[in-house]
Amino acid sequence: MSAPRLSSTPLPGIGVRYDLTTRESRRLSVVAHRDGHRTISAYRRDDPDACDLSVRLTTEEAATLIDALMPAHHTPNLLSTTDLGLVAERIELPGSSHWNGRLLGESRIRTDTGASVVAVLRRAEAIPSPTPVFRLAGGDTLIVIGTREGVEAAAAILGRE
């Protein structure tokens, strides 16, 4: 048996699709929609392109399923952003982005949307709390936290080409 593999694919205007191939060569996918919903799909073993099951979950249902799958990670002392009316989202900066090579502060994300870029993932490195003079690069994944509307507005700004 091979090790499980996880890949992600940005779905512009929709969210991100995560594909998992299990040790038993079963394929599952989760589409993390921008509105917080999740769609979980399972594919046939004999035809990995044929979907056997697809279930759309609300944000609350997805959180409940996560608790069921990872009960050791549930700690009542941790704040849940959804309980506070906030969302966290990964937003990938395309190589052709208008912001490639520009400073984070030039985007005015926090000023114009109220959302905050709390980290940037670049290759195998995580850059926490990037300052306004942080230079963005195509391929960066920005971790943005804010209201749903603020995060969507930030995604629109970052999607500018």
Side-chain angles (χ1 to χ4, degrees), residues 1-95 97 107 109-110 113-128 130 138-161:
M1 286 191 278
S2 61
R5 295 183 314 274
L6 182 68
S7 63
S8 65
T9 305
L11 302 173
I14 298 169
V16 178
R17 184 183 74 218
Y18 298 93
D19 292 301
L20 171 70
T21 303
T22 69
R23 290 179 185 267
E24 296 174 346
S25 297
R26 295 296 307 260
R27 202 178 109 207
L28 303 170
S29 72
V30 175
V31 175
H33 298 268
R34 298 178 68 90
D35 66 1
H37 284 84
R38 300 294 188 257
T39 301
I40 300 173
S41 300
Y43 297 87
R44 292 180 33 186
R45 186 180 302 223
D46 62 334
D47 183 356
D49 293 324
C51 186
D52 259 347
L53 172 73
S54 185
V55 179
R56 185 172 168 98
L57 302 173
T58 66
T59 303
E60 295 80 17
E61 291 165 340
T64 300
L65 181 58
I66 289 168
D67 282 345
L69 292 171
M70 301 294 290
H73 291 279
H74 179 71
T75 304
N77 295 333
L78 294 177
L79 293 176
S80 171
T81 55
T82 55
D83 291 344
L84 299 172
L86 301 174
V87 295
E89 182 126 1
R90 293 172 175 243
I91 301 172
E92 187 171 334
L93 196 66
S97 172
S107 71
I109 288 174
R110 185 171 181 158
T113 70
S116 296
V117 176
V118 297
V120 175
L121 308 177
R122 181 175 286 167
R123 293 181 210 96
E125 181 183 9
I127 299 113
D140 283 352
T141 298
L142 285 70
I143 308 300
V144 181
I145 293 181
T147 63
R148 168 58 47 208
E149 297 78 19
V151 170
E152 287 178 0
I157 290 169
L158 292 169
R160 179 177 167 196
E161 293 186 23

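- Considering CD of E89 and OG1 of T141, their distance stands at 11.5 Å, rounded to 0.5 Å.
- Within a 6.0 Å radius of CZ in R90, other residues, nucleotides and ligands contribute 12 heavy atoms or fewer.
- Annotation: the span from I40 atom CD1 to L28 atom CG amounts to 8.5 Å, rounded to 0.5 Å.
- Side-chain atoms of S116 do not come within 3.5 Å of backbone N or O of V118 as any donor-acceptor pair.
- Note that the CG atom of D140 and the CD atom of E125 stand 10.0 Å from one another [nearest 0.5 Å].
- Nearest heavy atom pair, residue V151 against residue R34, reads O-NH2, 4.2 Å.
- Between A115 and A154, the closest heavy-atom pair is CB-CB, 4.4 Å.
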Go through the steps to decide whether I14 and H33 satisfy the test side chain to side chain contact (heavy atoms under 4.5 Å, CB included), and finish with yes or no.
CA-CA 5 Å; I14 298 169; H33 298 268; 3.8 Å; yes

Would you check, one step at a time, whether the test side chain to side chain contact (heavy atoms under 4.5 Å, CB included) holds for V55 with T39?
CA-CA 5 Å; V55 179; T39 301; over 6 Å; no

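- Here the CG atom belonging to D47 is positioned 9.5 Å from the CZ atom belonging to R27, to the nearest 0.5 angstrom.
- Across every non-hydrogen atom of P10 and E92, the tightest pair is CG-OE1, 3.2 Å.
- Taken from OG1 in T9 to CG in D19, the straight-line distance is 5.5 Å, to the nearest 0.5 Å.
- Nearest heavy atoms, R38 versus G36: NH1-O, 3.3 Å.
- Ion pair R56/D35 flagged as a salt bridge, since at least one NZ, NE, NH1 or NH2 atom sits closer than 4.0 Å to an Asp/Glu carboxylate oxygen.
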Test V87 against I145 for side chain to side chain contact (heavy atoms under 4.5 Å, CB included), laying out the working first.
CA-CA 6 Å; V87 295; I145 293 181; over 6 Å; no

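- Atom-to-atom distance recorded for R44:CZ and R26:CZ is 10.0 Å, nearest 0.5 angstrom.
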Assess the residue pair I109 and L158 against the criterion (side chain to side chain contact (heavy atoms under 4.5 Å, CB included)); give the C-alpha distance rounded to whole Å, side-chain angles, the decisive distance to 0.1 Å, and a yes or no.
CA-CA 9 Å; I109 288 174; L158 292 169; 3.6 Å; yes

